[in-house]
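Below you'll find the structure, written out as structure tokens, and then a few comments.
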Amino acid sequence: MKSIPSERTVLVTGGAGFLGSHLCDRLIKSGDNVLCVDNLFTGSKRNVAHLLGLSAFEFLRHDVTFPLYVEVDRIFNLACPASPIHYRFDPVQTTKTNVHGAINMLGLAKRVRARILQASTSEVYGDPEIHPQVESYWGRVNPIGVRSCYDEGKRCAETLFFDYHRQHSVDVKVVRIFNTYGPRMQPDDGRVVSNFIVQALRGDDMTIFGEGDQTRSFCYVDDLIDGMVRMMNSEKSLTGPVNLGNPAEYTMLELAETVLRLSGSSSKLTFWPRPPDDPRHRQPDISMASRELDWEPRVTLEDGLMETIDYFRRLLNSP
Ligand SMILES: NC(=O)c1ccc[n+]([C@@H]2O[C@H](COP(=O)([O-])OP(=O)(O)OC[C@H]3O[C@@H](n4cnc5c(N)ncnc54)[C@H](O)[C@@H]3O)[C@@H](O)[C@H]2O)c1
């Protein structure tokens, strides 16, 4: 069914990345005009290749650490490498992307009176003392560690969002995203779901850190995008931060075993020392999202993993 075009132009920074490209798909489907801005550091034009010919879609190669002058009605700010391998590759640039990027996008939102949503992260909770994490928890983050460029960068971005809101009345929304997975993740980005799937499909040993008893929760990309769009469309008074994620909790060992079973792989499990600052538990309390946005994840881990395994199987078999 064809959607009715809207007059609205929506800017998606980081739009050629994993989450950003799914968001572009979703916005185009709902009839928005989309301006996708990305410097292609971790994203790829491949992720949006199917949109490039559409008149409602425009791609602009640009680094958000530099100002951007465009006319838009809404901004989703997703630009930032999200996997530890990528954000630790150039940590100074990661902090700049988070902080200067936020300043530039908030400045743009202020100038053109656009509503702006920040893709923040559960990493703002650091290695949490409370479980599951609620939005009112302030977190326990190491300010000088190897992950700090990302964690503290995202925390500072949140500060900027709320100061632009208080000081300049910018219409802001902040979501704190917990581990999300799905098609278009990169095979070599070191995130646990893509790691396990790629290792399983290649028949390589599967690397588990520590004993594999640390837990994570995994949200399928379609659910997450639905939550982000609901947040963007919510009442002006709802600024957030609002947690978005799937509260179902799994140990790394359970995840590895599920991937092995669903992919039919005979890879072996191997155990390695845990990396520094690796949180033991991460699980969202999503009561606020459920109450305010009438949102909760619907896709089960098995269904989401099947889709993702199919994607990686096609990717690894393509020339
Ligand atoms: N995927 C998750 O589980 C998750 C969890 C928490 C938060 N997030 C946040 O969601 C956002 C998207 O994450 P993702 O998983 O799609 O990661 P991704 O790395 O696939 O996407 C990030 C995109 O931002 C682009 N980018 C990076 N630096 C830029 C810059 N300076 N200027 C312009 N573009 C730049 C990259 O090229 C890439 O396309 C990030 O802000 C991330 O912190 C993601």
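Predicted model only: the values in this text are computed from it and were never measured. For ligands, and for the atoms within them, numbers begin at 1 and follow the listed sequence. Counting begins at 1 with the first residue of the sequence.
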For ligand 1, note which part of [X] has a heavy atom under 4.0 Å away: side chain, backbone, both or neither.
X	value
Glu123	neither
Gln93	side chain
Asp189	neither

Compute the shortest N/O to N/O distance between [X] and ligand 1 and return yes if it is under 3.5 Å, no if not.
X	answer
Thr42	yes
Tyr150	yes
Ile177	no
Ala79	no
Asp38	yes
Phe41	yes
Gly43	yes
Ser120	no
Asn77	no

If you define the side chain from C-beta out and look only at heavy atoms, does anything of [X] sit under 4.5 Å from [Y]?
X	Y	result
Glu235	Glu292	no
Arg166	Phe162	yes
Thr65	Gln93	yes
Met228	Leu78	yes
Phe271	Ile208	yes
Thr97	Val64	yes
Asp303	Tyr220	no

Could you tell me whether [X] and [Y] have a side-chain N and a carboxylate O separated by less than 4.0 Å?
X	Y	answer
Asp310	Arg314	no
Glu152	Arg155	yes
Arg298	Asp223	no

Check each atom of ligand 1 against the heavy atoms of [X] and keep those under 4.0 Å away; list them by number with element.
X	result
His62	32 (N), 33 (C)
Gly17	20 (O), 21 (O), 38 (C), 39 (O)
Leu40	37 (O)
Asn179	3 (O)
Lys154	40 (C), 41 (O), 42 (C), 43 (O)
Gly14	23 (C), 24 (O), 25 (C), 39 (O)
Pro81	19 (O), 27 (C), 28 (N)

Between Thr13 and Asn77, a side-chain donor and acceptor under 3.5 Å: yes
If you measure only the distance, is there a donor-acceptor pair under 3.5 Å linking the side chains of Gln186 and Thr42? no
Nearest 0.5 Å, what's the [atom1]-[atom2] distance between [X] and [Y]?
X	Y	atom1	atom2	result
Glu257	Met252	CD	CE	12.0 Å
Leu27	Ile225	CG	CD1	8.5 Å
Leu51	Lys29	CG	NZ	10.0 Å

Which protein non-hydrogen atom lies closest to [atom], naming both residue and atom, and how far is it?
atom	result
atom 29 (C) of ligand 1	Asn39 OD1, 3.3 Å
atom 10 (O) of ligand 1	Leu19 CD1, 3.6 Å
atom 31 (N) of ligand 1	Asp63 OD1, 2.9 Å
atom 22 (C) of ligand 1	Cys80 O, 3.2 Å
atom 1 (N) of ligand 1	Arg191 NH1, 2.8 Å
atom 17 (O) of ligand 1	Ala82 CB, 3.4 Å
atom 12 (C) of ligand 1	Leu78 O, 3.6 Å
atom 20 (O) of ligand 1	Phe18 N, 2.9 Å

Sub-4.0 Å heavy-atom approach of [X] to ligand 1:
X	answer
Arg176	no
Thr13	no
Tyr181	no
Gly101	no
Arg184	no

Given the rule in the side-chain contact (heavy atoms from CB on, under 4.5 Å) test, do Thr251 and Thr215 qualify, once you have shown the distances and angles that lead to the verdict? CA-CA 4 Å; Thr251 66; Thr215 64; 3.9 Å; yes
Could you label the plane-to-plane angle of the Tyr125 and Phe178 rings as parallel, tilted or perpendicular, counting under 30° as parallel and over 60° as perpendicular? tilted
What orientation do Phe218 and Tyr181 show, parallel under 30°, tilted 30 to 60°, or perpendicular over 60°? perpendicular
